[in-house]
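To start, the structure under review is shown below, and the notes come after it.
Since this is a predicted model, take the numbers as computed values, not measurements. Each chain gets a letter, A, B and so on, in the order its sequence line appears, and its residues count up from 1.
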Number of protein chains: 4
Amino acid sequence: MARTAGSHGARTAEAIRRAGLRLIFERGYEGMTLRDLAQAVGLQPGSLYNHIATKQALLFELVSEHMRTLTDALDAALAGVEGPLARLDAFVTFHVSYHLTRKVEVFVNNSELRSLEPDNREAIMALRRAYEQRLAAILAEGAQAGLLAVPDIPVTTYGILSLLTGVVTWYRPEGRLAEDEIVAIHRRLILDGLRGGGG
Amino acid sequence: MARTAGSHGARTAEAIRRAGLRLIFERGYEGMTLRDLAQAVGLQPGSLYNHIATKQALLFELVSEHMRTLTDALDAALAGVEGPLARLDAFVTFHVSYHLTRKVEVFVNNSELRSLEPDNREAIMALRRAYEQRLAAILAEGAQAGLLAVPDIPVTTYGILSLLTGVVTWYRPEGRLAEDEIVAIHRRLILDGLRGGGG
Amino acid sequence: MARTAGSHGARTAEAIRRAGLRLIFERGYEGMTLRDLAQAVGLQPGSLYNHIATKQALLFELVSEHMRTLTDALDAALAGVEGPLARLDAFVTFHVSYHLTRKVEVFVNNSELRSLEPDNREAIMALRRAYEQRLAAILAEGAQAGLLAVPDIPVTTYGILSLLTGVVTWYRPEGRLAEDEIVAIHRRLILDGLRGGGG
Amino acid sequence: MARTAGSHGARTAEAIRRAGLRLIFERGYEGMTLRDLAQAVGLQPGSLYNHIATKQALLFELVSEHMRTLTDALDAALAGVEGPLARLDAFVTFHVSYHLTRKVEVFVNNSELRSLEPDNREAIMALRRAYEQRLAAILAEGAQAGLLAVPDIPVTTYGILSLLTGVVTWYRPEGRLAEDEIVAIHRRLILDGLRGGGG
DNA sequence: CATGAATGAGCCTTCATTCAT
DNA sequence: CATGAATGAAGGCTCATTCAT
């Protein structure tokens with residue numbers, strides 16, 4: 001019985017990636033066994049090795065593919081947008097929207113960096129720094145142009161990213177607020193702060 | 001050789017907690033083995049069981065002790081502070097300061113909840129919600145009093161906590177900024193946002 | 001891409017035998033994987049099975065082919081040689097020369113008998129005994145004719161074979177001694193022993 | 001059930017070595033599984049690791065212990081023996097006797113060097129060369145003193161060792177010949193060769 | 001209290017072999 | 001004939017945990 005119905009090559013590889021992502025999300029990298037993964041895609045454990053090199057390589061592939069996709073999508077979202085305020089707006093909108101719809105990928109990306117072997121981790125950290133750098137550049141431009149009051153560029157960069165990325169920890173699609181409402185709230189928080197209306 | 005230097009009684013239990021915290025911080029709960037831990041405190045693995053019930057119990061103890069300490073310290077910091085603005089200020093100052101000096105505890109608390117067994121996790125989540133609730137209450141008071149412009153109380157609560165807690169991911173004691181500068185930056189971000197200086 | 005360069009038909013089978021022999025020599029039968037072997041001949045592992053029945057069958061074929069070739073070559077070397085002394089001389093010369101030039105085959109033959117399945121091993125042992133028997137017969141004739149002083153025929157037979165076959169463990173073609181010098185040394189050892197020269 | 005009756009510490013380690021030696025002799029290093037070994041000594045596979053570091057380390061220990069014992073025993077056998085002829089005699093007698101009674105150790109030592117990792121193999125080869133050197137020295141002295149006619153010292157050294165060591169391949173304690181008869185035959189082969197009695 | 005030795009479950013990975021295409 | 005993908009059986013090793021001493 002060499003082949004179970006309907007599972008040629010690339011389809012199987014894609015199924016492994018999908019199931020792997022979900023299992024790592026649910027149990028963590030160390031918590032997911034290749035036996036679990038094999039069962040999830042209907043294979044024997046050893047057969048996974050026709051599609052992945054090692055468990056670690058699968059994690060790295062998932063994580064680096066996400067980083068590449070994320071960065072490309074950001075660049076697309078910022079393309080043609082001019083002026084620091086508009087670009088900051090575009091960044092916030094993009095980042096929140098993207099994260100709301102990729103909860104699983106984002107969670108894995110943030111919580112499993114620790115499980116990457118040193119070289120792999122370094123490669124991902126570099127991609128991550130490149131992404132952060134785009135926000136830092138917007139803040140720097142805005143500050144220089146007198147359009148944004150940025151207390152400290154590195155700290156503000158990290159702060160905004162923490163704030164925005166935090167949505168994945170509580171967001172549920174069927175929740176009280178629509179996606180664009182959530183985006184709007186974060187835009188306001190970042191631009192205006194809480195200091196009191198009436199006063 | 002019945003006893004290695006410096007490991008008698010309660011002292012040993014404390015040494016285990018300390019070493020356990022650090023090892024979990026460095027390698028994650030699943031990544032830390034009891035053999036590692038035993039070696040770190042100069043015991044044989046089996047001897048740990050004179051001081052801890054199980055590996056899971058150790059994690060739970062570490063995490064819940066931190067939550068208790070954190071909440072108590074917050075209450076002390078807020079005690080006697082009146083008015084939403086002052087209380088928000090006190091919250092921000094406390095939270096950032098506390099997190100800067102408890103990097104390890106905080107990191108473990110955030111990244112290892114996943115490794116808690118369901119009941120244990122639920123207990124910690126309850127403590128965590130109680131902590132968050134104190135911030136939510138401040139925001140609610142402030143909004144009602146017209147002193148704070150809060151777009152949405154739950155989202156803002158989570159957002160502020162994400163923003164403030166984010167400092168542990170990059171902070172290093174020997175870094176460019178002093179603790180009170182970091183506090184000040186976050187206070188400004190939260191209260192005033194980035195919207196442009198002069199204009 | 002149905003066919004990699006240079007691997008059609010019987011040529012492929014021969015390439016497999018050659019590469020198999022070398023790999024078994026280098027890593028042992030258990031140490032050689034069919035993946036190694038496939039790669040060495042530019043095939044996928046599954047494709048080997050168009051040319052060999054099983055891994056074990058390949059080993060058996062290599063080993064038994066060697067035994068057949070060896071025995072035939074011995075018979076050719078002894079053909080027409082008359083008299084025990086001359087025949088012993090011919091045997092020693094042949095055995096050493098042949099082993100010097102077939103280091104790989106001989107090594108595999110001696111060290112991998114253990115990896116043969118019982119029936120296969122028995123078949124090879126029979127061939128081997130037939131080969132040994134030719135030497136035993138020469139010794140017996142020589143002893144009976146009073147031309148050779150053989151302390152014990154079976155022990156001497158095994159002893160001579162051990163002595164002569166031992167050359168494969170240290171011989172290197174580029175070494176200090178030429179092939180015929182090595183042959184001469186062994187002839188002297190066997191016929192004359194070490195007992196002291198002059199006096 | 002922490003401990004099965006009667007198997008404390010060192011006793012278990014010794015049982016593992018003994019069973020390991022026998023299993024490697026019977027199936028080869030690669031052919032022996034740690035599951036086999038564990039079962040042979042009545043343990044779970046993982047429990048072996050209380051006594052050995054790795055499978056490879058067990059092999060190395062067995063092999064190097066044998067080499068040490070062998071060399072020490074040779075030195076004892078040669079101690080006080082004077083003159084090349086007497087020393088050669090003592091060497092032959094010792095080597096054959098020792099090998100007859102340590103069939104298993106010798107076989108493992110000769111056939112499993114290949115399974116040693118490079119560093120370990122190099123260490124054993126050094127011990128082996130030291131052993132061989134003792135014979136080479138005897139031959140050299142004998143040749144220089146004109147008491148032995150040695151065609152070529154290195155080749156003769158290897159040759160004698162091959163001849164003598166060969167006994168382990170066929171010897172069975174219940175066989176036709178007593179130990180001292182086998183020793184005597186080999187002494188005669190080495191000293192006198194086969195050249196004919198009567199003439 | 002500490003130790004040493006044991007358990008039992010499980011993990012990642014390898015491998016000879018099969019077979020539809 | 002070759003390929004790619006699958007099977008099923010192991011294999012060396014790790015680990016939390018237990019317990020007699």
Side-chain angles (χ1 to χ4, degrees), chain A residues 1-5 7-13 30-38 42-56 58, chain B residues 1-4 7-9 12-13 30 32-38 42-56 58, chain C residues 1-4 7-9 12-13 30 32-38 42-56 58, chain D residues 1-5 7-13 30-38 42-56 58:
Chain A
M1 203 176 338
R3 176 169 303 167
T4 318
S7 55
H8 325 45
R11 238 184 295 268
T12 304
E30 313 238 29
M32 174 193 76
T33 76
L34 292 190
R35 283 167 173 78
D36 295 338
L37 177 55
L43 289 180
Q44 296 295 319
S47 304
L48 293 174
Y49 286 83
N50 287 319
H51 304 280
I52 66 174
T54 64
K55 190 188 180 190
Q56 168 76 201
L58 172 62
Chain B
M1 95 209 74
R3 178 167 300 168
T4 319
S7 59
H8 31 83
T12 303
E30 311 239 29
M32 174 193 75
T33 75
L34 291 190
R35 279 162 176 78
D36 295 337
L37 178 55
L43 290 179
Q44 295 297 319
S47 306
L48 293 175
Y49 286 84
N50 289 317
H51 305 280
I52 65 173
T54 65
K55 189 187 181 190
Q56 170 74 202
L58 173 62
Chain C
M1 98 210 72
R3 177 168 299 169
T4 319
S7 60
H8 29 82
T12 303
E30 312 238 28
M32 174 193 74
T33 76
L34 291 190
R35 279 161 177 77
D36 294 338
L37 177 54
L43 290 180
Q44 295 298 318
S47 306
L48 292 174
Y49 286 84
N50 288 317
H51 304 281
I52 65 173
T54 66
K55 190 187 179 190
Q56 169 76 201
L58 172 63
Chain D
M1 186 177 357
R3 177 168 303 166
T4 317
S7 55
H8 326 44
R11 238 184 295 268
T12 304
E30 312 239 29
M32 174 193 75
T33 76
L34 292 189
R35 281 164 173 81
D36 294 338
L37 177 55
L43 289 180
Q44 295 297 318
S47 304
L48 293 175
Y49 286 85
N50 286 320
H51 305 280
I52 66 173
T54 63
K55 189 188 180 191
Q56 168 76 199
L58 173 61

Query raised in the report: Just how far, in rounded Å, is P of E:dC15 from OH of A:Y49?
Result: 12 Å

Report task. Could you say whether C:P45 or B:N50 is positioned toward the 5' end of DNA chain E, judged by the nucleotide with the nearest heavy atom to each? Result -> B:N50

Requested in this report: State which of E:dT17, F:dA6, F:dA16 makes the closest approach to the side chain of C:T54.
Outcome: E:dT17

Would you list the atom pairs, donor with acceptor, under 3.5 Å between side chains in residues 43-54 of chain D and any protein atom, with sequence neighbours excluded?
unit_1 : atom_1 : unit_2 : atom_2 : d
D:T54  : OG1    : D:Q56  : N      : 3.4
D:T54  : OG1    : D:A57  : N      : 2.9

Report task. Provide, to the nearest angstrom, the distance between the CG atom belonging to D:L48 and the C1' atom belonging to E:dT7. Result -> 12 Å

Query raised in the report: Side chain of C:Q44: nearest nucleotide among F:dG4, E:dT17, F:dT7?
Result: F:dG4

Query - Candidate nucleotides F:dC13, E:dC12, F:dA16, ranked by approach to the side chain of B:T33 - the nearest - result: F:dA16

Query - Length of the line joining B:K55:NZ and F:dT17:P, which is rounded to integer Å - result: 8 Å

Query raised in the report: Any N or O donor-acceptor pair linking the side chain of D:R35 to the base of F:dG12 at under 3.5 Å?
Result: yes

Query raised in the report: For B:K55 and B:M32, which heavy atoms make the closest approach, and how far apart are they?
Result: NZ-O, 2.8 Å

Report summary line: Ranking E:dT7, E:dT13, E:dA2 by distance to the side chain of D:S47, first place goes to E:dT7

Query raised in the report: Looking at the side chain of B:H51, which of E:dA2, E:dA6, E:dA16 is the nearest nucleotide?
Result: E:dA2

Query raised in the report: Atom CG of C:D36 and atom P of E:dT14: how far apart are they, to the nearest Å?
Result: 12 Å

Query raised in the report: Rounded to the nearest Å, what distance is computed from the CG atom of residue A:L43 to the C1' atom of nucleotide F:dG4?
Result: 13 Å

Report task. Mind checking which stems touch DNA chain E? I mean at least 3 consecutive Watson-Crick or G-U pairs, both distances under 3.5 Å. Result -> E:2-21 with F:2-21

Query raised in the report: Nearest-Å distance, CD1 (C:I52) to P (E:dT17)?
Result: 7 Å

